[in-house]
Amino acid sequence: MQLFIDTAEIDEIKSLNITGLIDGVTTNPSLIAKSGKNIINTIEEICNEVSGPVSAEVTATDFDNMILEGKKLSSIAKNVAIKVPLTFDGLRACKVFSDDGIMVNVTLCFSAAQALLAAKAGATFISPFIGRLDDIGADGMNLISEITEIYDIHGYDTKVLAASIRSVQDIVDSAKLGADVATVPPKFLKSMYNHPLTDKGLSDFLSDWKKTGQSIL
Ligand code: G3P
């Protein structure tokens with residue numbers, strides 16, 4: 001399973017990318033707004049840091065302007081994936097970009113029917129928003145399961161990108177259900193490696209080791 005980082009904060013991206021475990025980055029207009037920086041400069045900086053797909057979202061809602069914005073974002077770097085919303089115009093734009101060989105991430109997916117259309121439009125990634133479904137009392141993980149089942153049965157290449165992650169368990173459950181990617185806010189990525197028993201075990205090992213008076217180097 002691939003792990004993308006869901007942030008537009010370049011310092012956070014750099015600090016996590018040194019692990020070599022980051023396969024890509026997703027941004028959205030809210031994350032760009034939160035960073036307080038210019039979208040073009042931010043996407044350029046991220047693409048210089050990360051070689052995997054970097055999602056940059058159009059803000060136009062009509063087809064013509066989605067195409068113009070998408071082309072501009074795509075010209076920033078080869079690894080930009082144009083993010084379009086799962087609307088009629090967004091699907092149309094997805095088809096045009098994917099026919100042109102440009103990566104497309106179709107975002108704001110909340111149903112299996114929407115995901116089916118995105119796959120037919122040639123999306124590289126479909127982004128089901130798990131957390132936002134859970135927030136309204138629906139079952140986000142069930143959506144992941146429905147989409148992976150449909151894509152497997154019909155052999156669609158579109159990658160299922162679990163988004164709107166709210167816990168480490170969401171990442172684990174998405175992985176178990178066959179999601180290809182999870183896009184993870186930095187704080188959950190850090191929580192993935194932390195475990196109190198790891199800390200305790202290490203502390204015990206080190207205290208026993210000290211008693212030996214040895215040094216490996
Ligand atoms: O990148 C989109 C997505 O992950 C949004 O998450 O937490 O705003 O629902 P959230």
Side-chain angles (χ1 to χ4, degrees), residues 1-13 16-17 21-37 39 42-43 45-47 49-50 52-61 66 69-70 73-74 76 79-87 90-91 93-94 97 103-112 114-115 118 123-144 147-148 158-175 177 179-192:
M1 189 197 209
Q2 291 193 312
L3 287 177
F4 289 2
I5 182 166
D6 198 24
T7 183
E9 304 291 340
I10 188 68
D11 290 341
E12 277 186 317
I13 293 168
L16 289 165
N17 197 35
L21 301 177
I22 304 299
D23 301 298
V25 176
T26 51
T27 67
N28 62 38
S30 301
L31 292 172
I32 296 286
K34 197 171 154 205
S35 77
K37 301 217 174 106
I39 182 168
T42 301
I43 298 299
E45 251 188 310
I46 298 174
C47 288
E49 175 65 24
V50 176
V54 173
S55 290
E57 189 160 343
V58 299
T59 54
T61 54
M66 278 183 185
E69 288 187 2
L73 292 170
S74 165
I76 297 173
N79 55 328
V80 168
I82 304 302
K83 216 173 176 187
V84 297
L86 212 157
T87 59
L91 289 171
C94 174
F97 289 131
M103 286 189 288
V104 186
N105 178 354
V106 179
T107 189
L108 291 165
C109 171
F110 295 97
S111 79
Q114 290 182 316
T124 317
F125 302 101
I126 182 69
S127 290
F129 275 33
I130 300 168
R132 293 193 194 184
L133 277 171
D134 292 346
D135 289 347
I136 60 157
D139 185 351
M141 222 36 82
N142 184 53
L143 178 57
I144 299 285
I147 300 173
T148 53
T158 301
K159 290 186 173 175
V160 179
L161 192 167
S164 187
I165 294 284
R166 296 285 155 78
S167 66
V168 170
Q169 195 56 45
D170 278 347
I171 303 163
V172 173
D173 290 342
S174 301
L177 289 170
D180 303 282
V181 191
T183 188
V184 182
K187 64 177 174 183
F188 296 131
L189 214 92
K190 289 170 191 160
S191 308
M192 281 177 82

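Quick caveat: nothing in here was measured; it's all calculated off a predicted structure. Order of appearance sets the numbers: ligands from 1, and atoms from 1 within every ligand.
The protein heavy atom nearest to atom 4 (O) of ligand 1 is Asp6 OD2, 2.6 Å. Of all protein heavy atoms, the one closest to atom 6 (O) of ligand 1 is Ser164 CA, 3.3 Å.
Counting atoms of ligand 1 from 1 in the listed order, those under 4.0 Å from a heavy atom of Arg132 are 5 (C), 8 (O), 9 (O), 10 (P). Close contacts between ligand 1 and Arg166 involve ligand atoms 7 (O), 9 (O), 10 (P) [criterion: under 4.0 Å to a heavy atom].
Contacts of Glu57 with ligand 1, taken as heavy-atom pairs under 4.0 Å, are absent altogether.
In the model, Thr59 has a side-chain atom that pairs as donor or acceptor with a side-chain atom of Glu69 under 3.5 Å. With no hydrogens or angles considered, a side-chain donor-acceptor pair links Thr183 and Thr26 at under 3.5 Å.
Here the straight-line distance linking atom CG of Leu73 with atom NZ of Lys83 works out to 12.0 Å at 0.5 Å rounding. Rounded to the nearest 0.5 Å, atoms OG1 (Thr7) and CD (Glu12) are 4.5 Å apart. The structure places CD of Gln169 at 12.5 Å from OG of Ser191, a figure rounded to the nearest 0.5 Å.
Distances between N or O atoms of Thr27 and those of ligand 1 include no value under 3.5 Å.
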